[in-house]
Structure formats: structure tokens, C-alpha cells
There are 2 protein chains.
Amino acid sequence: MAPVPFLLLIEDDDAIRTALELSLSRQGHRVATAASGEDGLLLLKEQRPDLIVLDVMLPGIDGFEVCRRIRRTDQLPIILLTARSDDIDVVVGLESGADDYVVKPVQGRVLDARIRAVLRRGERESTDSATYGSLVIDRAAMTVTKNGLDLQLTPTELRLLLELSRRPGQALSRQQLLRLVWEHDYLGDSRLVDACVQRLRAKVEDVPSSPTLIRTVRGVGYRLDVPA
Amino acid sequence: MAPVPFLLLIEDDDAIRTALELSLSRQGHRVATAASGEDGLLLLKEQRPDLIVLDVMLPGIDGFEVCRRIRRTDQLPIILLTARSDDIDVVVGLESGADDYVVKPVQGRVLDARIRAVLRRGERESTDSATYGSLVIDRAAMTVTKNGLDLQLTPTELRLLLELSRRPGQALSRQQLLRLVWEHDYLGDSRLVDACVQRLRAKVEDVPSSPTLIRTVRGVGYRLDVPA
DNA sequence: GCCCCTGTGACACGTCTGTGACAGTCGGCG
DNA sequence: CGCCGACTGTCACAGACGTGTCACAGGGGC
């Protein structure tokens with residue numbers, strides 16, 4: 001990655017956009033800006049930024065939709081800006097594929113801290129393998145090994161594990177996992193996620209009945225734990 | 001790592017303003033200044049500082065009022081400057097939404113220390129974890145640890161703690177907590193909140209019988225205290 | 001000292017999760 | 001073209017766990 005992070009800021013409000021651009025420049029970033037989702041998507045193709053800061057409330061196609069479109073072709077990190085401190089937005093945001101979200105009004109240095117955190121995480125991820133205890137996930141080869149032995153994961157199991165390992169230590173709700181792994185909304189809940197988690201545990205955990213890697217977060221969902 | 005903090009100093013006395021500006025610049029801050037509340041509010045919109053240092057005694061709209069107006073739309077940190085060491089001012093100031101409070105005459109390096117303290121606090125809060133004494137709340141992982149040991153909180157206990165920690169130092173009534181945590185209104189009162197608080201204390205407090213974190217506010221409800 | 005408020009333990013109910021079985025779907029291969 | 005196997009989604013169920021209620025005791029405030 002370039003020594004100076006290159007950001008694309010998509011925000012329609014002139015005052016906020018200019019202010020954030022100024023602030024982020026002062027924090028040592030290179031910044032490109034766009035005032036609409038359409039412009040943002042175009043600029044994205046031209047300029048290849050390292051990270052996108054994206055307002056949710058945009059005229060025309062909204063931030064969530066922009067997020068989804070970007071995700072269809074690109075994996076670069078996205079930080080959502082949302083006006084409401086509403087948790088619902090947070091959930092929808094992460095489900096649409098964002099890496100982080102920040103509630104407006106936002107201080108420049110807070111945004112900067114989040115940006116750096118996401119970029120750091122990205123660097124870790126871009127390495128081709130991740131290790132969790134005796135488990136090694138090779139993203140390039142798309143293989144998972146336990147104690148050096150190759151695990152035969154099915155496509156869905158693998159996607160589930162990859163999504164969990166994209167955010168190690170972070171609890172993900174069943175809804176979030178459904179969107180991330182299965183890419184569809186459920187209105188009611190189903191045992192689908194549970195069933196897949198169970199199958200994954202059977203292959204991944206040393207003692208599937210008392211899992212140490214894929215932990216249940218009661219009332220929420222699941223979380224991939226990093227062993228100390 | 002520290003990017004240069006950008007401050008807005010609102011102070012009508014020319015001598016003090018110039019002196020503080022000079023001093024703060026020497027401490028490594030970037031400083032914008034305004035000589036009145038009106039100018040300050042305008043500059044705020046344009047420049048988006050990281051923090052505001054605000055004199056209480058201003059011609060026209062006074063500091064408290066400026067503070068309240070800022071708070072209506074913004075959450076950025078505010079440090080109040082006052083000439084009087086009067087305690088009443090402290091109370092009014094903190095009630096109007098200030099984050100800290102410094103009595104004039106103030107040395108530049110003292111103000112600098114306060115500024116850095118407030119900014120640090122802001123950065124901590126902006127991350128997904130919060131610390132109260134030996135207690136660490138990780139909002140992303142949905143875990144709570146005490147002295148590094150993982151506490152097994154139940155979903156409701158966790159929600160209760162999260163809601164309290166969203167407003168540290170603020171007393172919340174049982175009604176408010178019922179709405180926030182249980183999401184339903186009760187007409188009569190019940191011991192429900194008390195019971196949950198008790199269970200939470202049993203896990204969170206060092207000495208549950210004399211709680212230091214989750215304090216009872218008689219006749220009102222409960223409050224999460226930040227240890228000094 | 002009195003009364004109201006709060007802390008506390010027990011208990012029964014309800015919700016959530018893990019689990020095994022089963023059926024539908026899809027792709028590969030003969 | 002059809003069979004077969006693997007994979008996946010659904011369902012039902014049992015058990016664990018968490019939760020709300022109640023009664024009562026203790027204590028602080030007026």
C-alpha cells in the first residue's frame with residue numbers, strides 16, 4: 001500500500017464534504033471527493049483509492065446501494081457515514097458489506113482513527129493466510145488445515161468461515177451472516193445459520209460440543225475467537 | 001502517530017486570546033480564533049475543528065448558550081474557560097454540555113494537558129470498547145472483561161450495561177431503562193430492573209453489596225459511574 | 001420511628017440453541 | 001439422458017439457560 005493512504009470521500013453536503021476533506025488532508029491522507037453516488041462509482045474506477053468514506057444519505061442511489069455495487073466487483077474497505085445513531089443503520093450497513101461505520105457529526109480525528117484501524121485490518125487480511133490456534137486459513141489456496149491436515153470444507157462452510165475470519169473477535173448476528181454468506185434477507189428467522197455453524201464446528205473444533213473457536217453469543221449470533 | 005489537533009478558540013479579550021493562541025501553537029496545535037460567539041459558530045461550520053475552547057464571558061450570546069447551540073447539532077468536545085472559580089459555573093457548564101472546564105487565568109501548558117486529555121477520551125469513546133476502572137466493555141465482540149477475565153453476561157445484562165455505558169455519569173430512571181433495554185413500556189412499576197441490576201452487579205462489581213460502578217440513585221434509578 | 005424504596009433469593013415459565021433426520025437441488029459422470 | 005452422490009435448507013424436538021415475578025428483609029431519608 002502507498003505510504004500515504006488515498007481516500008475517496010463520497011458526501012453530498014458541500015459543507016461537510018469540504019470540512020472532512022480539509023481535516024483528512026491535515027491528518028496526512030490524500031483525498032478525492034465526489035458529491036453523489038454516481039460520481040463516486042466513476043471516480044472509483046479511475047482512481048483506485050485505498051479506502052472509501054461513504055455517506056449513507058445520498059441523492060439518487062443511496063449509500064447502502066453504492067456499498068453493495070462496489071462490493072460486487074471490489075473488496076476495498078468502506079467506511080459508512082450515518083447521520084442517525086440508530087443501531088438499525090449500523091446493522092444494515094455492515095450487512096451491505098461495509099467494514100466500519102461512523103456516526104455523524106464526526107470529528108476529523110475520530111474518522112482518521114477509524115480509517116487507520118480499517119486499513120490496518122486490511123493489511124492483516126491481505127496476507128494470504130490467517131491462523132487461529134491449530135487452524136490455518138489459506139485465502140489464496142482457499143484451503144483450511146487443522147494441525148496440518150487438510151479440512152474438506154463445503155463451499156458454504158468455507159464462505160461462513162471466511163466471513164467470520166474477516167472480523168475476528170467481532171460478534172456477528174444471524175441476520176448479518178445470512179446477508180454476508182447467503183446474500184439474501186430473511187424475514188423470519190431460521191435455523192439455517194445454526195445448522196451450518198454446527199457442521200462447520202464438527203470439522204473445525206477439537207471438541208465440537210464445547211467450541212473454542214466459533215463461539216456462540218447468546219441472543220446475538222456467533223463470533224470467531226482468537227485464542228490467546 | 002498524533003496528527004495535529006485543530007482547535008477553535010473563542011475568546012473576546014484580545015490579550016488573552018492572542019496569548020493562548022501563541023501558547024497553544026507552540027504546544028503543537030493548529031488554532032483558529034474567534035472574538036465572539038457568533039463568529040465562533042460561523043467558523044465552526046466552515047472549519048470543523050477537533051475541539052473548541054470557549055470563554056464563558058462573551059459579549060452577545062454567552063459561552064453557555066454557545067455551548068448549548070453547538071451541542072444541538074454537534075458532539076465535538078468543548079472546554080470552557082471561566083474567570084470565576086465559582087462552583088456554580090462548573091455545574092452550569094457541565095450541564096450545558098461541556099466536556100471540561102478550566103479556570104482563568106490559565107497557563108498554556110495546563111490548557112494543553114486538558115485538551116489532550118479530552119481528545120484522548122474522545123478517541124477512546126469512538127472506538128468499540130470502553131473502560132470503567134477494571135471493567136472493559138467491547139461492543140464489537142459483545143464481551144465484558146474484568147481484570148482481563150471474561151465475564152459471562154447474559155443478553156439482557158449485557159444490553160443493560162451497554163445502555164448505561166452509553167451515558168456514563170447520567171442517571172437513568174427505571175422507565176427509561178425499561179424502554180431502552182426491554183423495549184416496552186410498563187404502566188405499573190416492577191422489580192424487573194432492580195433484579196437485573198442486581199444480577200449485573202454480582203458479576204461486575206468487586207463488592208456487590210457496596211457497588212462503585214453501578215450506583216443507585218434513590219427515587220430515580222441507576223447510574224454508571226466513571227471511577228476517578 | 002415510620003414508611004417507602006431497594007436488595008435479594010427462590011421458582012416456574014419461556015425462549016433460544018444444539019442436534020439429528022429428512023428431503024430437495026445441483027452438478028458430474030457414465 | 002438419467003443416475004448418483006454431495007451439499008444444502010428445513011423441520012421437530014429436547015434440553016439448557018435466561019428471565020420475570022413474588023415475597024420478604026433491610027436500610028435510608030424525612
Side-chain angles (χ1 to χ4, degrees), chain A residues 142 144 151-164 171-223, chain B residues 142-144 150-164 171-223:
Chain A
M142 296 290 267
V144 178
L151 291 182
Q152 301 286 350
L153 297 190
T154 69
T156 308
E157 288 161 7
L158 182 61
R159 252 182 322 199
L160 176 60
L161 182 58
L162 287 177
E163 287 299 339
L164 285 171
L172 294 170
S173 72
R174 291 177 174 71
Q175 283 294 328
Q176 287 176 304
L177 288 170
L178 276 174
R179 294 212 56 153
L180 291 169
V181 178
W182 284 267
E183 294 174 351
H184 59 68
D185 290 302
Y186 272 159
L187 294 170
D189 56 358
S190 75
R191 306 249 55 74
L192 175 53
V193 179
D194 303 60
C196 194
V197 164
Q198 183 217 352
R199 285 163 183 152
L200 185 53
R201 276 175 175 163
K203 298 182 181 177
V204 160
E205 296 282 351
D206 291 323
V207 186
S209 54
S210 62
T212 57
L213 282 170
I214 303 174
R215 307 288 291 270
T216 302
V217 186
R218 275 221 156 220
V220 181
Y222 299 94
R223 163 167 49 86
Chain B
M142 301 287 265
T143 58
V144 178
D150 204 273
L151 293 182
Q152 301 284 353
L153 297 191
T154 69
T156 307
E157 289 161 6
L158 183 62
R159 263 194 315 242
L160 177 60
L161 182 59
L162 287 176
E163 288 300 338
L164 285 171
L172 293 170
S173 72
R174 290 177 175 71
Q175 281 294 329
Q176 285 176 301
L177 288 171
L178 277 173
R179 244 180 293 125
L180 290 169
V181 178
W182 284 266
E183 293 174 349
H184 60 69
D185 291 302
Y186 271 164
L187 296 169
D189 57 358
S190 73
R191 306 249 56 74
L192 177 51
V193 179
D194 303 61
C196 195
V197 165
Q198 182 220 349
R199 285 163 182 153
L200 185 54
R201 277 175 175 162
K203 297 182 181 177
V204 159
E205 297 281 352
D206 291 322
V207 186
S209 52
S210 62
T212 58
L213 281 169
I214 303 174
R215 307 291 289 269
T216 302
V217 186
R218 275 224 152 219
V220 182
Y222 300 93
R223 164 167 49 87

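Just the heavy atoms: all of them, side chains too, but no hydrogens, waters or symmetry mates, feed the values below. Every chain is numbered from 1, with letters handed out A, B, ... down the list of sequences.
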Send over the distance from [X] [atom1] to [N] [atom2], rounded to a whole Å.
X: Trp182(A); N: dT10(D); atom1: CH2; atom2: P; result: 10 Å
X: Leu192(B); N: dC5(C); atom1: CG; atom2: C1'; result: 17 Å
X: Leu200(B); N: dG18(D); atom1: CG; atom2: P; result: 14 Å
X: Leu177(A); N: dT8(D); atom1: CG; atom2: P; result: 16 Å

Whether each nucleotide of nucleotides 7-12 of chain C has a protein heavy atom under 4.0 Å at its base (B), only at its sugar-phosphate (S) or at neither (-) is summarised, 5' to 3', as BBSB--

First locate atom CG of Leu162(B), then atom CE of Met142(B), and finally report the distance between them rounded to the nearest 0.5 Å.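 It is 6.0 Å, given to the nearest 0.5 Å.
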
*asked:* Just verifying a value: how many Å separate Arg199(A) CZ and Thr156(A) OG1, rounded to the nearest 0.5 Å?
replied: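 If I round to the nearest 0.5 Å, the distance is 9.5 Å.
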
Exercise: identify the closest heavy-atom pair between Glu157(A) and Gln152(A):
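Result for this residue pair: OE1-O, 4.3 Å.
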
Quiz prompt | Contact summary for Arg159(B) and Val181(B), nearest pair of heavy atoms | solution =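 The pair with the smallest heavy-atom distance is NE-O, 3.3 Å.
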
Can you confirm whether Asp194(A) sits close enough to Arg174(A) that some side-chain heavy atom of one is under 4.5 Å from a side-chain heavy atom of the other?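 Side-chain contact under 4.5 Å: yes.
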
Side chains of Arg223(A) and Thr143(B): does their closest heavy-atom pair fall under 4.5 Å?
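Arg223(A) vs Thr143(B): side chains touch.
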
*Check side-chain contact (heavy atoms from CB on, under 4.5 Å) between Arg201(B) and all other residues, then give those that pass, not counting sequence neighbours.*
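For Arg201(B) the side-chain contact (heavy atoms from CB on, under 4.5 Å) partners, ignoring immediate neighbours, are Val197(B), Glu205(B), Pro211(B), Ile214(B), Thr216(B), Tyr222(B).
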
Do you know which of Leu164(B), Leu200(B), Val204(B) makes side-chain contact (heavy atoms from CB on, under 4.5 Å) with Leu213(B)?
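Exactly one option meets the side-chain contact (heavy atoms from CB on, under 4.5 Å) with Leu213(B), and it is Val204(B).
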
Looking at residues 151-161 of chain A, who's got a heavy atom less than 4.0 Å off DNA chain D?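 Correct list: Thr154(A), Pro155(A), Thr156(A).
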
